[in-house]
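Okay, structure first, notes after.
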2 protein chains.
Amino acid sequence: MKKHQTTIIDIAKELGISKSTVSRALTGHPSVHEQTRDKVLQLANELEYQRNMFSIGLMKRASRTLGIIVPEFSRSFFPQLIIGAQERAKEAGYNLIISQSDESYETEVSNARVMLAHQVDGLLISITRETNNFDHLKLFQRKGIPIVFFNRVCDEMIVPKVIVEDYEGAFAAVEHLIARGKRKIAHLSGPESLSICKRRKAGYTAALAKHNIAFDEDLVVHYDLAINKVKFYINYFLNLKERPDAIFCINDPTAIEAIQLIKKTGLAIPGDIAVIGFSNDFASSIIEPALTTVEQPIKEMGRTATQLLLDQIDRDVANWKAPTVVLKTQLIVRDSS
Amino acid sequence: MKKHQTTIIDIAKELGISKSTVSRALTGHPSVHEQTRDKVLQLANELEYQRNMFSIGLMKRASRTLGIIVPEFSRSFFPQLIIGAQERAKEAGYNLIISQSDESYETEVSNARVMLAHQVDGLLISITRETNNFDHLKLFQRKGIPIVFFNRVCDEMIVPKVIVEDYEGAFAAVEHLIARGKRKIAHLSGPESLSICKRRKAGYTAALAKHNIAFDEDLVVHYDLAINKVKFYINYFLNLKERPDAIFCINDPTAIEAIQLIKKTGLAIPGDIAVIGFSNDFASSIIEPALTTVEQPIKEMGRTATQLLLDQIDRDVANWKAPTVVLKTQLIVRDSS
DNA sequence: CTGTTAGCGCTTTCAT
DNA sequence: ATGAAAGCGCTAACAG
């Protein structure tokens, strides 16, 4: 199958007028005779003319395309976020190229390369759990292509970021556990390299402090978010001399896995051990007992990140102060606590 | 922020050689002096040169980009499928532009337009539950851009398709229910317009027939897949004079919703009513009782569809017989039946 | 092995 | 209101 594209030249030839006039008519330029424009538009329609993005891109040095790189999308979080981003992009007349890095640093670098090759006008990114080096992203800055981080952000780069109230959310979750009478509250956290984990842990610690509960090193564990390893850490918690009476998990998939594991041991949730997650993923209301969790506005995060990106693209900003937008979180109390 | 692109011309000038030589060196053309090539490659690297897809696309009339349009991706099915598609595309040196039509025909048409504007070399698509008119897709054929349907296919277009053994899967599911002693088996199906639903229904009907169970019109309901309407149909089933003792649902989200609703009424699953889904989504092993379902090879479907698309792109086929690939399904028996 | 030339399809001056 | 011409960055002939 060979593609045949209807071009402006075809239309011009057919109508016996110049290419430039056709171009003007097609782009809605005012200085075109109405009759001429109508004729052009009609013929273009008949021939199913489609503007060639390559030549336009070549001329304008802009693709009107944004890129988004997410670490994974097997769980509902990132797909939902992408829906928000896509909505906002579309409203603004931009398209979105999506790619997922599968929690692999290498793939992330390769995806970034693809985005560059596709001449995206801007990049949205949430980094993998492995990403420690940011050269591939700094390259965008050097090339003058704006970046916005969301969810998992990079602290060392000064660009706009969208995060949620991780600290406050974690604080509220732990305070809620305390209100339920729990005192030995464990925290199953993610990689220490992710700032999101640091903030949630800080909220956890602060809530304990406020209520005069001693911070116990043994009750906090960091893991790499590989879901199949959760069993190891849950076992660890359950076998402690003084078993924790609650576990605050870094995210919903972790919490859901934890619940399934704990149920198998015969322990009662939340009686023996309460469990709390973070994010309010779809599955959290399905599991039994239904998961108490900290809801974050996922779609909104996608929209906001996209907006911040558009702001940078439109504005011709030399010393633009990169904002960090912090979205609200809300504790959803269900049956697991 | 204004983009500055390093171009081949920059490199040529810097090195005092011709653009074509630079181009040849960069594209790995054999007829370039090794020294020259090394110099070019090194400088390109230093200057962080990035090929401009626009000019290449303009020249080659190909974008090395595939498009994929899915009806939604809030559930895990399509994201997983996309992962498979992306894998295969990447292996073949293609990029993938993803868009989701939100189960809206209008959005699907608009997304198709976007794909066209982006000059995709081929399109993968699973239609929305609303799509009855296929003009927007036939346009691709007219333009010589290959299409492959997957999952939700269009019967009236003769293009490659990837589906699963819907009939066989449904047959196995219903036969399993019969083996469990169920006799009044209901079927909550999707829109009659989707061939996928027709095939599953046919499997259902055939299994009943094989075991001499009369087909009961009242036990089959079609709905539009809007998940919040499931309660209406479940209620209908539960209030029938002779309540069904099993429900075969068109997909896992429907089945999961059904289980939640049935549990609220106090009926026992599977004792009073067994429930079976289709697809083996992530959530199906989380719900309690765990959902019996027909597993389909989701990632594989994405890979296969992509391969069929690549086949069409590479081959210069006038009268290429469009294949329909049918992937295996497998019944996963869990606790809901 | 390397350079020259001529476009790909479009927009954008600059004329008229 | 329209046309002519130049060129975006690259590659593919065709020469040497």
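A note on names: the letters A, B, ... follow the listed sequences, proteins ahead of strands, and every chain is numbered from 1.
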**Fill in**
With sugar-phosphate taken as primed atoms, P, OP1 and OP2 and all else as base, the protein-contact string of nucleotides 7-13 of chain D at under 4.0 Å (heavy atoms; B, S, -) is BBBBBBB

**Asked** Going through the distances and angles, do A/Glu72 and A/Ser74 end up as a side-chain hydrogen bond (donor to acceptor under 3.5 Å, both in side chains)?
**Response** CA-CA 6 Å; A/Glu72 51 94 8; A/Ser74 50; 3.3 Å; yes

Is [X] salt-bridged to [Y], cutoff N-O under 4.0 Å?
X: B/Lys138; Y: A/Glu48; answer: no
X: B/Arg303; Y: B/Glu91; answer: yes
X: A/Lys161; Y: A/Glu156; answer: no
X: B/Glu103; Y: B/Arg152; answer: yes

**Prompt:** For the helix from C/dC1-D/dG16 to C/dT16-D/dA1, what angle lies between the axis at the first five pairs and the axis at the last five pairs, to 10 degrees?
**Reply:**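 That helix gives 40° between its end axes.
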
Taking atom [atom2] of [N] as reference, at what distance in whole Å does atom [atom1] of [X] sit?
X: B/Lys39; N: C/dT2; atom1: NZ; atom2: C1'; value: 13 Å
X: A/Ile11; N: C/dC10; atom1: CD1; atom2: C1'; value: 12 Å
X: A/His33; N: D/dG3; atom1: NE2; atom2: P; value: 13 Å
X: A/Glu34; N: D/dA1; atom1: CD; atom2: P; value: 10 Å
X: A/Ile17; N: D/dA4; atom1: CD1; atom2: C1'; value: 14 Å
X: A/His29; N: C/dT11; atom1: NE2; atom2: C1'; value: 11 Å
X: B/Gln119; N: C/dC10; atom1: CD; atom2: C1'; value: 12 Å

**Asked** Does B/Thr36 put a side-chain nitrogen or oxygen below 4.0 Å from OP1 or OP2 of C/dC1?
**Response**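 No, outside the criterion.
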
**Message:** Taking 4.0 Å as the cut-off, does a side-chain nitrogen or oxygen of A/Ser18 come that near to OP1 or OP2 on D/dA4?
**Reply:** no

**Item:** All ring-ring contact (aromatic ring centres under 6.0 Å, His included) counterparts of B/His118, not counting sequence neighbours
**Value:** none

**Aromatic ring pairing B/Phe54/A/Phe54, orientation class (parallel under 30°, perpendicular over 60°, tilted between)** = tilted

**Complete:** Which of A/Leu309, A/Val120, A/Thr65, A/Ile313 passes side-chain contact (heavy atoms from CB on, under 4.5 Å) with A/Tyr94? It is A/Ile313

**Fill in**
The reported gap from CD1 in A/Ile97 to CD1 in A/Ile69 (rounded to nearest 0.5 angstrom) is 10.5 Å

